[in-house]
Enquirer: 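Quick one: the structure is below, and I'll ask about it shortly.
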Amino acid sequence: SAVISQKPSRDICQRGTSLTIQCQVDSQVTMMFWYRQQPGQSLTLIATANQGSEATYESGFVIDKFPISRPNLTFSTLTVSNMSPEDSSIYLCSVLKKARENTEAFFGQGTRLTVV
Amino acid sequence: AQSVTQLGSHVSVSEGALVLLRCNYSSSVPPYLFWYVQYPNQGLQLLLKYTSAATLVKGINGFEAEFKKSETSFHLTKPSAHMSDAAEYFCAVTRNQGGKLIFGQGTELSVKP
């Protein structure tokens with residue numbers, strides 16, 4: 001399995017500011033992802049965090065708004081830039097880890113962001 | 001492109017009753033399918049997954065799901081609901097085991113005493 005630690009677990013931020021969320025995994029993983037879960041909605045993939053290169057963003061998400069770093073195989077950060085109330089969501093880090101003959105996705109507890 | 005549709009954003013059952021949460025998928029390639037549960041203020045926990053082995057998959061907490069290719073479905077069931085089953089349930093699909101997950105809209109399960 002993989003144990004994922006996300007920080008902060010929650011925050012209340014002023015509009016126009018930026019917040020950086022950290023994701024630390026207890027072992028090396030190849031694939032790391034960032035998801036957004038807006039209130040009452042499902043999870044939407046923001047981007048795949050690539051180690052040593054630029055993140056791969058999904059349609060509707062751009063690097064200027066959600067810059068991502070992946071300096072090594074156990075750590076990644078997601079920044080929510082120039083926040084507005086519409087950015088209020090839960091942000092989740094996810095990793096893929098090989099478990100026996102299969103690969104399984106593991107999720108962090110999430111960061112609950114409220115923008116006021 | 002791949003997608004999943006969960007029928008019913010809210011499902012309410014009585015304690016001890018059958019739980020049935022519906023999931024239909026769309027995929028141009030053989031899919032890998034998953035069910036996740038999210039308890040309040042917690043992350044996602046894997047309930048079970050289908051990876052082209054047995055079509056009837058048993059998961060944790062007494063849940064199981066059956067992959068039906070002809071119906072493009074992967075419905076989640078549990079014979080007898082417990083109060084502790086109250087949570088949000090997400091169906092997800094991916095092209096391969098190393099790929100990104102595409103989630104359904106989620107179904108909130110309520111269990112009445």
Side-chain angles (χ1 to χ4, degrees), chain A residues 1-10 21 23-25 29-50 55-61 68 89-114, chain B residues 1-10 21-25 30-54 57-60 67 76 87-110:
Chain A
S1 67
V3 177
I4 302 172
S5 173
Q6 262 187 255
K7 293 181 181 180
S9 58
R10 60 178 62 230
I21 302 168
C23 177
Q24 178 73 55
V25 191
V29 293
T30 304
M31 305 292 287
M32 292 183 76
F33 305 93
W34 286 98
Y35 287 85
R36 180 176 72 181
Q37 185 178 21
Q38 293 177 299
Q41 297 190 31
S42 186
L43 283 79
T44 302
L45 181 64
I46 297 172
T48 303
N50 302 309
T56 305
Y57 289 84
E58 298 299 305
S59 176
F61 297 96
I68 289 171
S89 295
I90 299 173
Y91 293 86
L92 294 112
C93 172
S94 174
V95 304
L96 291 181
K97 181 92 176 169
K98 199 166 179 64
R100 295 177 187 153
E101 70 279 6
N102 293 320
T103 300
E104 185 173 326
F106 296 90
F107 289 82
Q109 298 282 70
T111 296
R112 187 178 297 270
L113 171 62
T114 302
Chain B
Q2 295 181 304
S3 67
V4 288
T5 301
Q6 290 182 240
L7 299 176
S9 59
H10 291 90
L21 305 182
R22 300 178 186 273
C23 172
N24 288 88
Y25 70 91
Y32 292 87
L33 293 158
F34 306 81
W35 275 100
Y36 285 88
V37 60
Q38 185 179 34
Y39 297 102
N41 299 315
Q42 295 189 30
L44 275 73
Q45 180 181 6
L46 180 67
L47 274 177
L48 49 81
K49 59 185 176 184
Y50 167 75
T51 57
S52 75
V57 182
K58 294 186 183 299
I60 62 172
F67 174 72
L76 182 71
E88 187 88 17
Y89 291 80
F90 294 96
C91 182
V93 64
T94 184
R95 175 186 298 270
N96 56 60
Q97 292 196 72
K100 58 190 180 186
L101 288 166
I102 307 299
F103 285 87
Q105 302 91 319
T107 298
E108 182 180 359
L109 175 65
S110 301

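Throughout, a chain's letter reflects where its sequence line sits, starting with A, and its residues are numbered from 1.
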Enquirer: Can you name the closest pair of heavy atoms from Leu101(B) and Ala105(A) and give their distance?
Expert: CD1-CB, 3.7 Å
Enquirer: Any heavy-atom pair between the side chains of Gln37(A) and Phe90(B) that's under 4.5 Å?
Expert: yes
Enquirer: Applying side chain to side chain contact (heavy atoms under 4.5 Å, CB included), run through Lys100(B) and Glu58(A) and close with a yes or a no.
Expert: CA-CA 11 Å; Lys100(B) 58 190 180 186; Glu58(A) 298 299 305; 2.9 Å; yes
Enquirer: Can you tell me how far CD of Gln38(B) sits from CD of Gln109(A), rounded to the nearest 0.5 angstrom?
Expert: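 Result: 10.0 Å between the selected atoms.
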Enquirer: Going by the rule side chain to side chain contact (heavy atoms under 4.5 Å, CB included), which residues pair with Ser3(B) if we only count those two or more places apart in sequence or in a different chain?
Expert: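 So Ser3(B) forms a side chain to side chain contact (heavy atoms under 4.5 Å, CB included) with Ser26(B).
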Enquirer: Between Leu43(A) and chain B, which part of the residue has a heavy atom less than 4.5 Å away: side chain, backbone, both or neither?
Expert: both
Enquirer: Could you list the residues that satisfy side chain to side chain contact (heavy atoms under 4.5 Å, CB included) with Ala2(A), not counting sequence neighbours?
Expert: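 Partners of Ala2(A) under the side chain to side chain contact (heavy atoms under 4.5 Å, CB included) test: Val25(A), Asp26(A), Val95(A), Lys97(A), Phe106(A).
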Enquirer: Please state whether the side chain, the backbone, both or neither of Gln6(B) comes within less than 4.5 Å of a heavy atom of chain A.
Expert: neither
Enquirer: When rounded to the nearest 0.5 angstrom, what distance separates OH in Tyr36(B) from OG in Ser42(A)?
Expert: 12.0 Å
Enquirer: At a 4.5 Å cut-off on heavy atoms, which part of Leu46(B) comes close to chain A: side chain, backbone, both, or neither?
Expert: side chain
Enquirer: Supply the atom-to-atom distance Gln41(A) CD to Gln105(B) CD, rounded to the nearest 0.5 angstrom.
Expert: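 The CD atom of Gln41(A) sits 10.0 Å away from the CD atom of Gln105(B).
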